[in-house]
Amino acid sequence: GLQESCRGDHREVTILDRPPPEWKRPPIPCRIRLQVLLNQQGRSTVDNERLGRIEDTHFDHRPALSARKFDIPVVFASSSEVYGSAVGNMPISEDHLLQPQSPYAASKAAGDRMCFAWQDTYGLRVNIVRGFNTYGPGQNSGPYGGVISRFVRQTLVGEPMTVYGDGRQRRDFMWVGDSVAAYLLSLESDWDGPINFGTGRTVSVLELADLIIGILGRGRITFCDRRPGEVQNLPADIRKAASLGWEPKVPFEKGLRDYTNL
Ligand code: UDP
């Protein structure tokens, strides 16, 4: 969605989940207005299965150095998972401790910190987007998909929704369109540093299952093992994002209904 939005806007965005082969040599991004997004979330829970391999993180400094040279905005797609379970004051503001609880989250936190290091070492300014749980059309509903896409698919095909642990863990779910708006804002503003994007409101996994049953008029749950490294509570403090004029536009029940009825 983000790449399409930017293309429609005649901008080019490079998403560096895997450095493209041409980055073997320093790129020459001077002919086009190039904007760089680092480490966009391509896969998430998959990395939890690969303990010991921090595969999602690329500390290739060349994009960062080129970006500085050509004055290209750099955005790092961080994640709410860098915080781990909320401790102390809630909701979680940007200065909350970084206590990642899974290898995937640790790789995000490492990238997040690398942006600070680039700033200190090279003076590179990076907009760090700390997105909370995003859902909507196009989300993978397979084994490593998001909980909403998985639960909806499971219910539609007559399978039970697989609740991990006791289902009381809570997440702050954001509609994908609001997330795209956050990234577009990040390409335009020069805020420098991390900003949370979420809704400020959380829903437990059990409440989510109930809502889906209510919308679809059917469905059941089955309890499965607790996920290793599970984060219990992730509520976003979005005051910083709000101060830049961003706000989530789609209320959760509406987004869930729209997604479920697609
Ligand atoms: N979850 C679940 N059943 C599933 C998939 C996920 O109970 O089939 C839970 C998961 O344990 C977590 C929440 O739903 O507490 C959100 O998981 P997701 O993978 O969507 O995002 P995460 O918060 O892990 O990035």
Side-chain angles (χ1 to χ4, degrees), residues 17 39-51 54-57 77-86 90-92 96 98-112 129-176 178-179 182 196-213 216 219-236 252 255-256 259-260:
D17 262 1
N39 206 5
Q40 171 65 311
Q41 295 181 28
R43 301 173 312 153
S44 56
T45 45
V46 66
D47 292 334
N48 294 337
E49 306 292 311
R50 299 182 177 187
L51 299 176
I54 302 184
E55 216 184 44
D56 226 35
T57 307
S78 187
S79 162
S80 56
E81 296 234 3
V82 298
Y83 297 119
S85 287
M90 285 208 258
I92 299 178
H96 186 279
L98 300 194
Q99 292 180 315
Q101 290 176 215
S102 67
Y104 166 75
S107 78
K108 282 286 183 191
D112 195 301
V129 174
R130 291 194 184 149
F132 284 61
N133 289 62
T134 303
Y135 71 100
Q139 187 165 32
N140 175 6
S141 63
Y144 301 120
V147 65
I148 293 181
S149 48
R150 280 175 54 72
F151 279 10
V152 170
R153 180 186 54 76
Q154 287 166 338
T155 304
L156 290 175
V157 301
E159 292 171 7
M161 293 178 264
T162 49
V163 172
Y164 299 154
D166 63 11
R168 286 202 230 151
Q169 63 273 33
R170 305 186 74 82
R171 291 293 185 275
D172 184 331
F173 292 105
M174 171 171 55
W175 177 250
V176 63
D178 288 327
S179 174
N196 289 340
F197 291 95
T199 69
R201 196 192 139 198
T202 59
V203 176
S204 77
V205 169
L206 285 179
E207 288 162 0
L208 170 65
D210 272 347
L211 285 166
I212 292 173
I213 292 170
L216 290 176
R220 62 206 154 92
I221 62 171
T222 180
F223 288 98
C224 309
D225 288 345
R226 181 177 177 274
R227 202 161 66 179
E230 178 73 87
V231 172
Q232 279 310 312
N233 196 12
L234 271 179
F252 183 60
L256 188 62
Y259 175 73
T260 306

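When a residue number appears, it is its place in the shown sequence, counting from 1. Remember, it's 1-based here, ligands and their atoms both numbered in the order they're listed.
The shortest N/O to N/O separation between Val147 and ligand 1 falls below 3.5 Å.
Contacts of Gln169 classified as side-chain contact (heavy atoms from CB on, under 4.5 Å), with partners at least two apart in sequence or in another chain: Tyr164, Asp166, Arg171, Val205, Glu230, Gln232. In this structure, the side-chain contact (heavy atoms from CB on, under 4.5 Å) partners of Ser149, at least two apart in sequence or on a different chain, are Gln139, Ser141, Tyr259.
The part of Asn133 lying near ligand 1 is the side chain, judged by heavy-atom distances below 4.0 Å. The backbone and the side chain of Thr162 each have at least one atom closer than 4.0 Å to an atom of ligand 1 (non-hydrogen atoms only).
Among Phe132, Tyr104, Tyr164, the residue whose heavy atom lies nearest to atom 2 (C) of ligand 1 is Tyr164. When Arg170, Arg227, Gln101, Glu230 are checked for heavy-atom proximity to atom 11 (O) of ligand 1, Glu230 turns out nearest. Across Arg153, Arg226, Gln169, Gln232, heavy-atom proximity to atom 15 (O) of ligand 1 is greatest for Gln169.
For the pair Thr162 (side chain) and Pro160 (backbone), a donor-acceptor distance under 3.5 Å is absent. Side-chain N or O atoms of Lys108 include none that pairs as donor or acceptor with a backbone N or O of Pro103 at under 3.5 Å.
Counting only N and O atoms by type, the side chains of Arg130 and Ser79 include no donor and acceptor under 3.5 Å apart. Residues Tyr83 and Asn196 have side chains that bring a donor and an acceptor to within less than 3.5 angstrom of each other. Looking at Asp172 and Thr199, their side chains do bring a donor and an acceptor atom within 3.5 Å of each other.
For the atom pair Asp210 CG and Ser204 OG, the distance stands at 8.0 Å (nearest 0.5 Å).
Close contacts between ligand 1 and Val205 involve ligand atoms 7 (O), 9 (C), 13 (C), 14 (O) [criterion: under 4.0 Å to a heavy atom]. In the vicinity of Glu81, heavy-atom distances shorter than 4.0 Å reach the ligand 1 atoms 22 (P), 23 (O), 24 (O), 25 (O). Atoms of ligand 1 lying under 4.0 Å from any heavy atom of Arg150, numbered from 1 in the order shown and given with element: 4 (C), 5 (C), 8 (O). Near Val163, the atoms of ligand 1 lying under 4.0 angstrom from a non-hydrogen atom of the residue are 7 (O). Those atoms of ligand 1 with a heavy atom of Gly146 less than 4.0 angstrom away are 20 (O).
In this structure, Phe151 is part of the shell of residues with a heavy atom less than 4.0 angstrom from ligand 1.
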